2 protein chains.
Amino acid sequence: MPANNPRKRTDPRVRRTRRLLRDALISQMLERDFASISIKEVTERAEVAYVTFFRHYDSLEQLLMEVLDEGLGELLLRIEMLAKKSDDSDLETEGRLIFEYAGQKADLFQILFKSPSVARVRKKVVRNIAATFRQSCLPLARSGHPMATAMLSHHIATSLLALIEWWLDNRMEPAPAQMGKVYKSLIIDSAVGAVNSVSAVPG
Amino acid sequence: MPANNPRKRTDPRVRRTRRLLRDALISQMLERDFASISIKEVTERAEVAYVTFFRHYDSLEQLLMEVLDEGLGELLLRIEMLAKKSDDSDLETEGRLIFEYAGQKADLFQILFKSPSVARVRKKVVRNIAATFRQSCLPLARSGHPMATAMLSHHIATSLLALIEWWLDNRMEPAPAQMGKVYKSLIIDSAVGAVNSVSAVPG
DNA sequence: TCCTTTTTGTTATACTGTGTAACAATTGTG
DNA sequence: CACAATTGTTACACAGTATAACAAAAAGGA
C-alpha cells in the first residue's frame with residue numbers, strides 16, 4: 001500500500017487504479033448489496049488485476065469509506081453553511097440547496113442508505129414503528145394530509161430510534177424519566193407543532 | 001427447512017436447536033461485527049452440527065431477523081400504547097417506559113445499531129454532521145447545556161439524514177423548496193423550541 | 001414397549017472468495 | 001535511454017458456503 005503523501009503528486013497509474021476501483025464499487029452497489037459484492041467482481045468491472053486491489057486497500061469497506069468521504073465532502077460544506085444561518089428565509093434556502101444536492105448525488109446517498117446488509121434490518125424496524133405511529137398517533141391522524149402523515153411518522157420513528165441509540169452510547173444517561181420529557185418535547189410536540197407549518201405540502 | 005406451522009406444536013428438538021442458534025448469534029454479535037461472523041462459529045458456539053443450520057435458515061441474516069423480531073416485538077406493543085396517548089403526562093410516562101425497556105433489552109438494541117458492516121459508515125457520517133451543527137448552529141450554541149447540545153445536534157443530524165432517505169425513497173417528492181420548509185419547521189424550529197423545555201436536563 | 005417418523009450428527013465433496021508470494025511486463029520519470 | 005515504481009500473471013494455501021448420503025438419536029403414537 002503506497003503512502004498517501006499529499007505533498008508529492010501521486011503516480012498517475014495509482015490515481016487511475018484507485019479511480020477505476022471507486023467507480024466500479026459505486027456501479028456494483030447500485031445493483032447489489034454491499035455484503036454480497038466480492039473483491040474479484042470489483043476488480044473485474046474496474047478491469048484491474050485482482051491482486052492490485054490489495055496493493056491499495058485492506059478491505060472493501062475501506063474502499064467504501066474512501067468513496068463516501070470523497071463524494072459527501074461537499075455535503076458537509078453545505079451543511080456547515082446551513083448550520084450558521086439564523087435568518088428564517090435563508091434557512092429555507094439552504095435547506096432547499098441540501099435537497100437539490102442530494103438529488104444530484106442521489107447515487108451516493110442511495111449507497112449510504114440502501115446497502116442492506118444490516119441496514120435492511122434497521123429499515124424494517126423503522127417501517128414497523130412508523131406504521132404504528134401512522135395508525136395510532138391521534139395528532140397525526142388529525143392532520144389529514146397523507147404525504148405529510150407518512151413523512152411525519154417516518155420522522156418520529158427514526159428520531160425515536162436515533163434517540164435510543166444516542167442514549168445507549170451515552171451510557172444510558174440521563175435517566176429514563178428525563179428522556180421521557182425529551183421524547184415528548186423534542187419529537188412529539190415538535191412534530192405536532194410542525195403539522196400546521198407543513199400543511200401546504202401537497203398530498 | 002421444516003414449515004413453521006403454528007397449529008401443530010413444533011418438535012421440541014426443533015425449538016431447542018433454533019433457540020441455541022439464536023442465543024449463539026446474540027452472544028457473537030455482542031463481541032464481533034455481524035459481517036465477520038460465520039455460520040460455523042455460530043453452530044460451534046451453539047453446540048449444534050454445522051449442517052443443521054441450513055435445515056432451519058437460508059442465511060445468517062434470516063436468523064438475525066428472527067432474533068430481532070422475537071426480541072423487539074414487545075417494543076412495538078409499547079410504542080403502540082405510546083402513540084395512542086394524547087394526554088401530556090401520559091406521553092411522558094410512556095416515553096419513560098420506552099427507555100426503561102430499551103435499558104432492559106440493551107443487548108438487542110446494541111445489535112440493531114452497532115453491527116458495523118455498513119452501519120459504521122453511516123454512523124461516521126452522522127457524527128460528522130452532528131459535529132458541524134454543534135460547532136456552527138447558533139441557536140444550539142445559545143442553549144449552553146453541553147449534554148443537551150450533544151443530544152440535539154445528534155438529533156438534528158439523524159433527522160436530516162432520515163428525511164433525505166425518506167425523500168429519495170419517495171421519488172424525490174415533494175420538491176426541494178417544499179423540503180426546505182419541512183426541514184426548517186420539523187427539524188430546526190422544533191429542536192430550537194425544545195431547547196427551553198429540555199433545559200432541565202443535567203449537563 | 002415397539003415401531004415409525006422426524007430430526008440431528010458425521011463424513012465427504014464441490015465450489016467460491018480471501019490473501020500472499022514470485023516473477024514478468026508495463027508505465028512513469030529523470 | 002535507463003532506472004524505479006506500478007501493474008499483470010500465475011500459483012498456492014486457507015477458510016467459508018452449500019449439498020448429499022448415510023448412520024445415530026430422539027419424539028410420538030399404537
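Note on naming: letters A, B, ... go to the chains in the order of the sequence lines (proteins, then strands), and numbering restarts at 1 for each one. Every value quoted in this text rests on a predicted model; they were computed, and no experiment measured them.
For B:Ser36, the side-chain hydrogen bond (donor to acceptor under 3.5 Å, both in side chains) criterion is met by no residue, not counting sequence neighbours. The side-chain hydrogen bond (donor to acceptor under 3.5 Å, both in side chains) check on B:Arg15 picks up nothing, with sequence neighbours excluded. By the side chain to side chain contact (heavy atoms under 4.5 Å, CB included) test, B:Arg13 is found to be paired with B:Asp11, residues two or more places apart in sequence or in another chain being considered. Partners of A:Ile26 according to the side chain to side chain contact (heavy atoms under 4.5 Å, CB included) rule, which considers only residues two or more places apart in sequence or in another chain, are A:Leu30, A:Val67, A:Leu108, A:Ile111.
Over its full length, the helix from C:dT1-D:dA30 to C:dG30-D:dC1 turns its helical axis through 30°, comparing axes from the five pairs at each end and rounding to 10°.
Contact check on A:Arg19 versus A:Glu70 returns no salt bridge, with no Lys/Arg side-chain nitrogen under 4.0 Å from an Asp/Glu carboxylate oxygen.
Ring-plane geometry between B:Phe53 and B:Tyr57 is classed as tilted, the angle between the planes lying from 30 to 60 degrees on a 0 to 90 degree scale.
Using modelled atom types, one side-chain atom of A:Asp33 and one backbone atom of A:Ala35 make a donor-acceptor pair closer than 3.5 Å.
If you measure from atom NE2 of B:His56 to atom C1' of C:dG9, you get 12 Å, rounded to the nearest angstrom. Straight-line distance from the CZ atom of B:Arg15 to the P atom of D:dA27: 10 Å, rounded to whole Å. As rounded to whole Å, 12 Å separates atom C1' of C:dT8 from atom CG of B:Leu20. Between the CZ atom of A:Arg16 and the C1' atom of C:dT27 there is a distance of 11 Å, rounded to whole Å. A straight line from CD of A:Glu61 to C1' of C:dG17 spans 17 Å, rounded to a whole angstrom.
Regarding contacts with the backbone of D:dG8, a side-chain N or O of A:Thr52 is found under 4.0 angstrom from either OP1 or OP2. Applying the 4.0 Å criterion to OP1 and OP2 of C:dT7, one finds that B:Thr17 has every side-chain N and O outside that range.
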Filtered N/O pairs between nucleotides 17-25 of chain D and protein, under 3.5 Å:
residue, atom, partner, partner atom, Å
D:dT17, OP1, B:Ile39, N, 3.2
D:dT17, OP2, B:Ile39, N, 3.3

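Taking the side chain as every heavy atom from C-beta outward, A:Glu44 and A:Lys40 approach each other to under 4.5 Å.
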